[in-house]
Number of protein chains: 2
Amino acid sequence: MKLDQVRAFIAVVETGSFRSAATAIHKTQPSISASIKSLEEQYDILLFDRDSYRPTLTAAGHSFFQQSKKLLSQVQQLESLGHNLSHGVDMPLRICLSQMTLTSNCMQKIKQFTQLHPHISLDITTGHMHGVQETLLKDQSDIAIGPRYGLDDRHAFTELMTVNMVTVIHPDLLEELNTIGGKSSGKIKQQQLYPIPQILVSNPSRSNKNNDGYQHLLATGKRWFVSDFNAKKTLLLNGFGWARMPRHIIKENLDSGELIAIDIEQFASTSEMPVLMIRLRNQTRSHQANLFWDFMKP
Amino acid sequence: MKLDQVRAFIAVVETGSFRSAATAIHKTQPSISASIKSLEEQYDILLFDRDSYRPTLTAAGHSFFQQSKKLLSQVQQLESLGHNLSHGVDMPLRICLSQMTLTSNCMQKIKQFTQLHPHISLDITTGHMHGVQETLLKDQSDIAIGPRYGLDDRHAFTELMTVNMVTVIHPDLLEELNTIGGKSSGKIKQQQLYPIPQILVSNPSRSNKNNDGYQHLLATGKRWFVSDFNAKKTLLLNGFGWARMPRHIIKENLDSGELIAIDIEQFASTSEMPVLMIRLRNQTRSHQANLFWDFMKP
DNA sequence: TAAAACGATCAATAAAAATGATCATATTAT
DNA sequence: ATAATATGATCATTTTTATTGATCGTTTTA
């Protein structure tokens, strides 16, 4: 397949005839004929129906056209990239941060990096849960920073820090718990929590097959799924349930007593969740990506 | 730009040398040199650093390589499509249905279509809200069926039917309302509903700028966002709030008294929501798509 | 009914790509 | 150290490919 052949094909479709296509892309009509013929012979398909005066796309030709358009837009992207690169326009370094990692600690380190390398432009996006690693796989980011959830052997990673996770609940709900369940202090039994929903952050966009990584689920409790930590926090503050939260997000609410940290029997109520810096193992890394990786690496 | 040049470039990157690249793609080394040189001159960039013995990618070369890989995968898609088309493999017709439209009425019409055209393979996906129209724009579907939300002038549509929307609430909550608010029958005042959350289906994946289409929001009430109608139904059945629902989804719950239809003052409590069949205006349509469109059109 | 536009075809020509030989240099192996 | 091997650039030559202009039989348009 030659690009010029595809260009000729598209020109014919869009101008409606071989001749007009020829003038449109500055070639001669026989040249267009040859290009179409070559495509048709190469794949053993009929792109145009020549029975009528004007060439009309066959069903196969229609599918081929749509895909051809995609190909050509990809070509144009590559060509404009080529031209941009000659003018010193670098590709931005794309970082995807898990909401969980938005601590001043981590952000300051990134800010230091930007100050150290002011010529490197950073594209920073945020995501939740597996979504962070998915941006790597979908080539929407070069480096991701997030929890261990959803990693497999395609990912390489290094631990950056840990986030203190704490199990919290609204004081009203806690009181309700104690009046029903029994003891007013000490550890809470798992059974006591069953009637109260656990609020979890989920990624509803993709139904993930493997449920690994959810090591912090209460086995039979009711569960609520929200889309991000802010929604989770809102629900918590309104007393809709209990949840595990990064301490830095709800620190002020803990201090003011709007939320209470609780301790559950046989359940990792507070824990240090590792935050990883992640990249794809088999992908060639840009120089900027390597600089960032080495700078952030502990 | 020639495809062979890009292929040569990628081969060099992946094999590590011009000579090995030559053998890998069955060309000679001078040919590879010429290809790379041509690319470099065309865009006025340096792809490889030749100072060292082995050619190593420059920063520009690295960016160019990543984009080149994408291009080539697009090429392979087109080529395999070409070969498939010759063996009579048609592209499936991709329909995206809003969850709201999953009435037996609509589904039966689609089933009739499949029986009428057994050779046309249908790919059916479902989505929520704007997500349905987005599949069109992202070229993930050929025809969408869903509500009016999020349409703009890129879309062409025709009304298929209407779905009866009804405002419902859990009987316990209704009782609570009446004891607090006053009357035990007749219309409910908007103010009475403020303390009870309205449950809405949202599309959290994309933060949509224009809030048009949400004509059924109570101005100052609390709001809950869930990802689909099933979640909404679950919340309703558990008495978490009130919501507007397609009648066909909760018909049985209304009959059994698990949910109660309510009437709110100055609020379109029950209404007929139009369900549209939607396609992109400027996109060439496949024969299958036209067949489907004409069949479904009232 | 005449004129214009269409696509297919073909021999001739122009352009481009691939080739093989050769060179200077860098890396290995001995 | 030294010989052997491997690397990329260069160039004249050949081969392949693309393009052209002319022409033919149609179909559409005026």
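Naming: A, B, ... by sequence-line order, numbering from 1 per chain.
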Can you check nucleotides 11-21 of chain C for protein contacts, nitrogen or oxygen pairs under 3.5 Å, and list what you find?
from: C:dA18; atom 1: OP1; to: B:K27; atom 2: NZ; distance (Å): 2.7
from: C:dA18; atom 1: OP2; to: B:S31; atom 2: OG; distance (Å): 3.0
from: C:dT19; atom 1: OP2; to: B:T28; atom 2: N; distance (Å): 2.9
from: C:dT19; atom 1: OP2; to: B:T28; atom 2: OG1; distance (Å): 2.8

Whole Å only: how far is the [atom1] atom of [X] from the [atom2] atom of [N]?
| X | N | atom1 | atom2 | answer |
| --- | --- | --- | --- | --- |
| A:R50 | C:dA8 | CZ | C1' | 9 Å |
| B:I32 | D:dT10 | CD1 | P | 16 Å |
| B:D49 | C:dA26 | CG | P | 14 Å |
| A:L39 | C:dG7 | CG | P | 16 Å |
| A:L3 | D:dT17 | CG | P | 17 Å |
| A:I36 | D:dA18 | CD1 | P | 13 Å |

Salt bridge (charged side-chain N to carboxylate O under 4.0 Å, His left out) contacts touching residues 276-290 of chain B (sequence neighbours left out): none

B:M273 and B:R148, any side-chain heavy atoms less than 4.5 Å apart: no

Of B:V12 and A:S52, the one whose closest DNA chain D nucleotide lies more 5': B:V12

Test side chain to side chain contact (heavy atoms under 4.5 Å, CB included) applied to A:P298 - qualifying residues, sequence neighbours left out: A:T158, A:L160

Can you name the side chain to side chain donor-acceptor pair (under 3.5 Å) partners of [X], sequence neighbours left out?
| X | answer |
| --- | --- |
| A:T162 | A:E272 |
| B:R154 | B:D152 |
| A:T56 | none |
| A:T114 | none |

Qualifying residues under ring-ring contact (aromatic ring centres under 6.0 Å, His included), relative to A:F295, sequence neighbours excluded: A:F113

N/O (side chain, A:K37) to phosphate O (OP1/OP2, C:dT9) under 4.0 Å: yes

Set of residues satisfying salt bridge (Lys or Arg N to Asp or Glu O under 4.0 Å) with respect to A:D49, sequence neighbours excluded: none

Can you give the donor-acceptor pairs under 3.5 Å from side chains of residues 137-145 of chain A to other protein atoms, not counting sequence neighbours?
from: A:D139; atom 1: OD1; to: A:R94; atom 2: NH2; distance (Å): 3.1
from: A:D139; atom 1: OD2; to: B:K70; atom 2: NZ; distance (Å): 3.2
from: A:S141; atom 1: OG; to: A:T135; atom 2: OG1; distance (Å): 2.9
from: A:D142; atom 1: OD1; to: A:R94; atom 2: NH2; distance (Å): 2.8
from: A:D142; atom 1: OD2; to: A:R94; atom 2: N; distance (Å): 2.9
from: A:D142; atom 1: OD2; to: A:R94; atom 2: NE; distance (Å): 3.4

A:K69/A:E14 salt bridge by N-O under 4.0 Å criterion: yes

Quick one: which protein N/O atoms are closer than 3.5 Å to N/O atoms of nucleotides 4-7 of chain D? Pair and distance per line, please.
from: D:dA6; atom 1: N3; to: B:Y53; atom 2: OH; distance (Å): 2.9
from: D:dT7; atom 1: O4'; to: B:Y53; atom 2: OH; distance (Å): 2.9

End axis versus end axis in the helix from C:dT1-D:dA30 to C:dT30-D:dA1, the angle rounded to 10°, five pairs used at each terminus: 40°

